[in-house]
Protein chains: 2
Amino acid sequence: MTDSDGTYNVAKVESQMRKGFLEFPVLLIIGTKPTYAPDILKQLKQANLLVVEGTLYPLLSRMKRSELVTYVWEESKSGPPRKIYSLTKAGENALELIETAWKKLDTSVNKLIKQYEK
Amino acid sequence: MTDSDGTYNVAKVESQMRKGFLEFPVLLIIGTKPTYAPDILKQLKQANLLVVEGTLYPLLSRMKRSELVTYVWEESKSGPPRKIYSLTKAGENALELIETAWKKLDTSVNKLIKQYEK
DNA sequence: ATCAAGTACCTTGCATTACATAGTACTTAA
DNA sequence: TTAAGTACTATGTAATGCAAGGTACTTGAT
C-alpha cells in the first residue's frame, strides 16, 4: 500500500480494499493492543476471518518494511521469544485512511444490496 | 470461485472476500437488471467502486466461464452490438452465498473497529 | 542427558486478481 | 472514405492469499 519511496499512496487504498483486504483488520487488532502473530491469528479467527500463518507472517513483514508497524522482542515462559507488534505513527495515519475507505465501501455495497433486493 | 469441476466452493467464498472482492458488486448489478459492460462500469463508478475496462472484461469472462452469468447479443443504435449479461441460476445461488459472507465480514470488521476506537 | 511436543517465526512456489496498455471491430456522421 | 465514438479482447506486470515445508527455542517426560 506504499510507493517505492515509502510514502503512503491514498489512491492505492481503495484499490487494495477490493483486493488484499486483510491488512485492515490486522492493523485494527495491533492498534487496539500490541501483540504477536499467534495471538493475531486467534483474534482474526474469533472475528470469522480465517487466516493462516503463511499469509500473516509475510503480511507483517511487509507492514514492518513499509513502517506501518514496528515490534519489540519479548521473552516468553512457554517457548521462544515473541515479536510484539505495535502501530507506528504512520500506521495510525494509514489506519485512519483505510477506515474511511472501508466505511465508504461498506455504504456503497449495502446500497447495491438494497437495489438488488427490491 | 469455482473448482475445476465447476461446482461452487463455499470455503473459497470467504477467502475471495478478502482478495478479489469485485465479483460481488458486479453480480449485484447484473442481478438487479441485465446489462452490458460499459453500463456496469458506470454503475460501479456511481457506487464509488472505481474499476477500469481491463479489470471488468476479464472478470465477466471468468464469470461466464464458471457459469455464474450468461449473455445474449443485443443490437445497438450507437455502435457495435452489446453483450447483455444476466445471472444464471448458479449465479443467483452464488450471490446468496457471497451476500451471507459479506454480511458476516461486515459485522466482524465493524466489531473490530469498535474495539479499536475504545 | 536425550528426545518428543509445543511454541514462534520464516521461506518458497503457485494460483488468482487488478490494472495499465494496446489492439480489434462495428457504427454513424462529416 | 475518414474520423470519432462505442464495445469487446488480449498481454504483461505487480500484489495477494495460501499450501507446504523448514528453523529454532523451551519444557517435560524418559
Side-chain angles (χ1 to χ4, degrees), chain A residues 1-4 9 11-27 35-42 44-45 49-66 68-69 71-85 98 101 105, chain B residues 1-4 9 11-27 35-42 44-45 49-66 68-69 71-85 98 101 105:
Chain A
M1 214 91 91
T2 47
D3 287 332
S4 50
N9 186 328
K12 283 186 185 169
V13 172
E14 294 187 55
S15 167
Q16 286 307 99
M17 184 61 69
R18 303 189 295 270
K19 206 171 148 194
F21 165 105
L22 189 55
E23 194 179 56
F24 180 32
V26 171
L27 286 174
T35 186
Y36 66 113
D39 183 55
I40 295 173
L41 285 174
K42 247 179 243 158
L44 287 172
K45 195 172 179 182
L49 296 164
L50 294 179
V51 178
V52 294
E53 277 194 328
T55 298
L56 183 60
Y57 279 106
L59 174 60
L60 289 171
S61 296
R62 287 199 298 275
M63 296 198 300
K64 175 67 165 64
R65 212 176 313 130
S66 55
L68 298 182
V69 300
Y71 62 77
V72 292
W73 283 101
E74 187 181 279
E75 296 300 316
S76 164
K77 290 180 180 169
S78 59
R82 301 163 173 175
K83 283 186 175 177
I84 306 291
Y85 283 90
I98 298 175
L105 178 70
Chain B
M1 212 90 88
T2 47
D3 285 333
S4 50
N9 185 330
K12 283 187 186 168
V13 173
E14 294 187 56
S15 166
Q16 286 307 100
M17 184 59 69
R18 303 188 296 269
K19 208 169 146 193
F21 165 103
L22 190 54
E23 194 179 57
F24 181 33
V26 171
L27 285 174
T35 186
Y36 66 114
D39 183 54
I40 295 173
L41 284 174
K42 249 178 243 158
L44 287 172
K45 195 172 177 182
L49 296 164
L50 293 180
V51 178
V52 295
E53 275 194 328
T55 299
L56 182 60
Y57 280 106
L59 173 60
L60 289 171
S61 296
R62 287 198 298 274
M63 296 198 301
K64 174 67 165 64
R65 213 177 312 129
S66 56
L68 298 182
V69 300
Y71 63 76
V72 292
W73 283 101
E74 186 181 281
E75 296 300 318
S76 164
K77 290 179 180 169
S78 60
R82 300 165 174 174
K83 283 186 176 176
I84 306 290
Y85 284 90
I98 298 176
L105 178 70

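Just so we're on the same page: letters track the sequence lines, and every chain starts at 1.
Here C:dT11 presents its P atom at 13 Å from CG of A:Leu60, a figure rounded to the nearest Å. Here the P atom of nucleotide C:dC9 and the CG atom of A:Asp39 are 10 Å apart, to the nearest Å. One can place CD1 of A:Ile40 at 12 Å from C1' of C:dA8, the figure rounded to the nearest angstrom. Rounded to an integer number of Å, the gap from B:Leu41 CG to C:dA18 P is 13 Å. In this structure, A:Arg82 atom CZ and C:dC9 atom C1' are separated by 12 Å, rounded to whole Å. Separating the NZ atom of A:Lys64 from the P atom of C:dC10 is a distance of 11 Å, rounded to the nearest angstrom. The separation between A:Leu56 atom CG and D:dT16 atom P is 14 Å, rounded to whole Å. In this entry the distance linking NZ of B:Lys42 with C1' of D:dT6 reads 10 Å, nearest Å.
The phosphate of D:dC8 (OP1 or OP2) has a side-chain N or O of B:Tyr57 nearer than 4.0 angstrom.
With sequence neighbours excluded, the residues satisfying side chain to side chain contact (heavy atoms under 4.5 Å, CB included) with A:Leu41 are A:Val51, A:Glu53, A:Leu56. Take A:Thr35 and apply the side chain to side chain donor-acceptor pair (under 3.5 Å) test, not counting sequence neighbours, and it matches A:Asp39.
Side chains of B:Leu60 and B:Tyr71 form no contact here, defined as non-hydrogen atoms less than 4.5 Å apart. Between A:Lys83 and A:Trp73, some side-chain heavy-atom pair lies under the 4.5 Å cut-off.
Closest to the side chain of B:Tyr36, from the set D:dC18, D:dA7, D:dT9, is D:dA7. Checking C:dC19, C:dC9, D:dA7 against every side-chain atom of B:Val52, the shortest atom distance belongs to C:dC19. Listed nucleotides D:dC18, C:dT11, D:dT9 differ in distance to A:Thr55; the shortest reach to its side chain belongs to D:dC18. Nearest to the side-chain atoms of B:Arg62 among the listed nucleotides C:dA18, D:dA7, D:dG17 stands C:dA18.
Both tests do not hold together for B:Lys64 against B:Tyr85: distance to the six-membered ring centre under 6.0 Å, angle to the ring axis within 45°.
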Item to complete: Heavy atoms under 4.0 Å is the rule here; annotate nucleotides 24-30 of chain D 5' to 3' with B where the base is hit, S where only the sugar-phosphate is, and - elsewhere.
Response: -BSS---
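To the nearest 0.5 Å, atoms CG (B:Leu59) and CG (B:Leu68) are separated by 9.5 Å. Taking CG of B:Leu105 as the start and CZ of B:Phe24 as the end, the distance is 10.0 Å to the nearest 0.5 Å.
Between the side chain of B:Glu53 and the base of D:dC8, at least one donor-acceptor pair of N or O atoms lies under 3.5 Å.
Where B:Ala37 and A:Pro58 each meet DNA chain D at their nearest nucleotide, the meeting point lying more 5' is that of B:Ala37.
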